[in-house]
Amino acid sequence: KFIKSVKNVGSYNELDLNVLIIEHRSQNDARVGLSKELFSILKKYSMNNAIIATYNTTNTWRYSLLTTNFKIADDGKVLKEFSSPKRYSYLLGPAAKTVTPHKFLQAKGKIKDFDDLRKRFSVEVVNGEFYKEIAKLYDELAGTNKITASLKHPGHGEIRDQFAVRLIGRIIFCWFLREKRSDKGTPLIPHDILSRTASKADNYYHSVLAPLFFEVLNKQGTSREEAFKSGLYGSIPYLNGGLFSPDNDDHYKFDKSLQLSVSGPVTVPDQWLRKFFDLLELYHFTVDENTSYDI
C-alpha cells in the first residue's frame with residue numbers, strides 16, 4: 001500500500017544488520033501502516049535488524065533502526081510471529097532539527113556493538129540528555145549553593161524553587177501546544193508568540209508569557225480581556241487543568257486599563273529565557289504518540 005521501491009545498500013554481518021533505502025507513497029508519514037510494511041520486508045528476506053532510511057515525494061525522511069527476532073520452525077522456515085519488533089526513528093529532511101541525530105549518530109564516532117547502536121536510537125537516552133540541559137538552566141534560574149539565582153522573587157528556598165519549576169513546566173507544555181495543530185492546520189500557539197525570535201521582546205515574561213498563561217490559557221474566550229479575544233491570541237484554546245491558574249507565589253497582577261501584566265516583584269531575566277528557548281529550538285517536539293513498536 002505504501003512502499004514504492006526498496007534498495008538494499010549493504011549489510012554488516014558482525015551486527016546482523018542490513019541497510020535499506022525505501023521510497024514510499026504516504027504524504028503524511030503514515031507511521032503505523034508504513035512500519036508494518038517495513039517489518040514485512042524484514043520478514044520476507046529473513047532480516048533480524050535493519051537501518052532503513054525512508055523518504056517520500058515531500059522530502060520527509062525518517063532514519064530508523066528496526067529490530068526484531070523471528071521465530072524459526074523446526075523445518076527451518078521463518079514463522080509469521082515477530083518477537084518484540086521495534087522501529088526507532090529520527091525525523092530528518094530540510095525542516096528537521098538535526099542536533100540530536102548528529103550528536104548520537106555522528107559525533108559519538110564508530111559503533112562499538114549492536115547494544116551501542118540501539119542506545120543511540122533510544123528515546124530514554126535522548127530524553128536523559130535533554131533533561132540534563134534543563135537541570136543546568138533550572139540551577140541558573142533558581143540558584144544553588146554555588147550559583148546565584150538569576151530569578152528575582154520575593155520568596156526564598158522552596159517557594160522560589162517551586163516558581164522556577166512551574167515556569168519551566170508551563171513553557172515546555174506550551175512548546176508542545178505550538179506543535180499541535182487545529183482542524184484548520186494552524187498551531188494552537190503561534191510561533192509569533194512563542195519562539196526564540198518572539199523572545200527578543202523586552203520584559204518577555206511579563207509582556208508575553210504571563211498573559212499567555214493566566215489571561216489566555218486559563219480563561220474561556222468569552223471571559224478574556226479584550227486584548228486577548230482576537231488576533232494572535234484569539235485562536236489559542238482554553239485549557240481547564242490548573243497548570244495555568246495563577247498561584248499566590250506567582251505574584252501576578254493585570255492592569256485592565258492598560259491591558260498589560262504588571263511587572264511586580266517577580267523578574268525573569270530575558271537573557272535566561274532566550275537561553276532556555278535556544279535549547280528548546282534544538283529539539284524536535286512531537287505530539288505523535290509512540291506505539292508498541294514505532295518509537
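Being a predicted model, the structure only gives us computed values, none of them experimental.
Residues Y238 and F214 are members of separate hydrophobic clusters, defined by side-chain heavy-atom contacts under 4.5 angstrom among Ile, Leu, Val, Met, Phe, Trp and Tyr. Taking hydrophobic clusters as Ile, Leu, Val, Met, Phe, Trp and Tyr residues chained together by side-chain heavy-atom distances below 4.5 Å, V9 shares a cluster with L17. No path of Ile, Leu, Val, Met, Phe, Trp and Tyr side chains, each step under 4.5 Å between heavy atoms, connects V262 with L212, placing them in separate hydrophobic clusters. In this structure, I159 is not a member of the same hydrophobic cluster as L167, with clusters built from ILVMFWY side-chain heavy atoms closer than 4.5 Å. Clustering ILVMFWY residues whenever any of their side-chain heavy atoms sit less than 4.5 angstrom apart, transitively, puts V165 in the very cluster that holds F163.
Scored by the side-chain hydrogen bond (donor to acceptor under 3.5 Å, both in side chains) test, E158 finds no partners at all (sequence neighbours excluded). Residues meeting the ring pair (Phe, Tyr, Trp, His ring centres under 6.0 Å) test with F2, sequence neighbours left out: none.
Remark: side-chain polar atoms of R274 are paired, donor with acceptor, to backbone N or O of K200 under 3.5 angstrom. A donor-acceptor contact shorter than 3.5 Å links the side chain of H153 to the backbone of D249. At distances below 3.5 Å, not a single donor-acceptor pair connects side-chain atoms of R62 with backbone N or O atoms of L92. Of the possible donor and acceptor atoms, one in the side chain of S207 sits under 3.5 Å from a partner among the backbone N and O of N203.
The pair E281-K97 meets the salt-bridge criterion, with a side-chain N (NZ, NE, NH1 or NH2) lying under 4.0 Å from an Asp/Glu carboxylate O. Ionic pairing of R166 and D250 is present here: one or more N-O contacts between side-chain nitrogen and carboxylate oxygen are shorter than 4.0 angstrom.
At least one cation-pi condition fails for K43 and F39: the charged atom is not both under 6.0 angstrom from the six-membered ring centre and inside a 45 degree cone around its axis.
Residues L151 and V266 are in side-chain contact: their nearest non-hydrogen atoms beyond the backbone lie under 4.5 Å apart. Between L91 and T286 there is no side-chain heavy-atom pair separated by less than 4.5 Å. Counting only heavy atoms from C-beta outward, the side chains of I189 and F176 never approach each other to under 4.5 Å. Using a 4.5 Å heavy-atom threshold, the side chains of L273 and L209 count as touching. Using a 4.5 Å cut-off on side-chain heavy atoms (C-beta onward), M47 and L20 make contact. Residues R120 and I111 have side chains in contact (heavy-atom distance under 4.5 Å, counting atoms from C-beta outward). Taking 4.5 Å as the limit, some side-chain heavy atom of L137 sits within range of a side-chain heavy atom of E140. Proximity of P190 to I236: side-chain heavy atoms (C-beta onward) are separated by under 4.5 Å at one or more points.
Shown here is Y45, whose OH atom has no more than 12 heavy atoms of other residues, nucleotides or ligands within 6.0 Å. Applying the 6.0 Å contact sphere to NZ of K152 captures no more than 12 heavy atoms from other residues, nucleotides or ligands. Within a 6.0 Å sphere centred on NZ of K253, other residues, nucleotides and ligands contribute 12 heavy atoms or fewer. Remark: K219 NZ is packed, more than 12 non-hydrogen atoms of other residues, nucleotides or ligands lying under 6.0 Å away. The number of heavy atoms from other shown groups lying within 6.0 Å of CD (E129) is above 12. Around atom CG of N248, no more than 12 heavy atoms belonging to other residues, nucleotides or ligands sit under 6.0 Å away.
Here the CZ atom belonging to R178 is positioned 4.0 Å from the NE2 atom belonging to H191, to the nearest 0.5 angstrom. Separating the OH atom in Y204 from the CH2 atom in W272 is a distance of 12.0 Å, to the nearest 0.5 Å. For the atom pair L66 CG and N18 CG, the distance stands at 11.0 Å (nearest 0.5 Å). Atoms OG1 and NZ, on T222 and K229 in that order, are 7.0 Å from each other to the nearest 0.5 Å. Distance NZ/K180 to CG/L188: 7.5 Å, rounded to 0.5 Å. Atom-to-atom distance recorded for T144:OG1 and D139:CG is 5.5 Å, nearest 0.5 angstrom.
Here the shortest heavy-atom pairing between S150 and P269 reads O-CG, 3.1 Å. Nearest heavy-atom pair across A227 and Y233 is O-CD1, 4.3 Å. Considering all non-hydrogen atoms of both residues, G234 and R224 come closest at O-NH1, 4.4 Å. Here the closest non-hydrogen pair linking S40 and E37 is OG-O, 2.5 Å. The two residues F277 and S195 come nearest to each other via the heavy atoms CD2-O, 3.2 Å. For the pair A198 and I193, the tightest heavy-atom approach, listed with the atom from each and the gap, is CB-O, 3.5 Å.
Applying salt bridge (charged side-chain N to carboxylate O under 4.0 Å, His left out) to D294 and the options K86, K36, R87 leaves one that passes, R87. Looking at I172, L194, L217 one by one, the single match for side chain to side chain contact (heavy atoms under 4.5 Å, CB included) with L177 turns out to be L217.
Taking the ring centroids of Y63 and Y90, they lie at or beyond the 6.0 Å cut-off. Ring pair Y283/F130: centre-to-centre distance below 6.0 Å.
A donor-acceptor contact closer than 3.5 angstrom links the side chains of E124 and S122. Side-chain contact annotation: T67 with N49, donor-acceptor N/O pair under 3.5 Å absent. Side-chain contact annotation: T60 with T58, donor-acceptor N/O pair under 3.5 Å present.
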### Task
Go through F104 and V126 one step at a time and tell me if the side chain to side chain contact (heavy atoms under 4.5 Å, CB included) criterion holds.
CA-CA 9 Å; F104 282 90; V126 173; 4.0 Å; yes

### Query
F254 and Q259: side chain to side chain contact (heavy atoms under 4.5 Å, CB included), yes or no, with the steps?
CA-CA 7 Å; F254 187 79; Q259 292 286 288; 3.9 Å; yes

### Message
side chain to side chain contact (heavy atoms under 4.5 Å, CB included) for Y205 and D270? Distances and angles first, verdict last.
### Response
CA-CA 7 Å; Y205 173 73; D270 288 335; 5.8 Å; no

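Using cut-offs of 30° and 60° on the angle between ring planes, the pair W175 and F285 is tilted.
Hydrophobic cluster membership for L258: L260 (Ile, Leu, Val, Met, Phe, Trp, Tyr linked by side-chain heavy atoms under 4.5 Å, directly or transitively).
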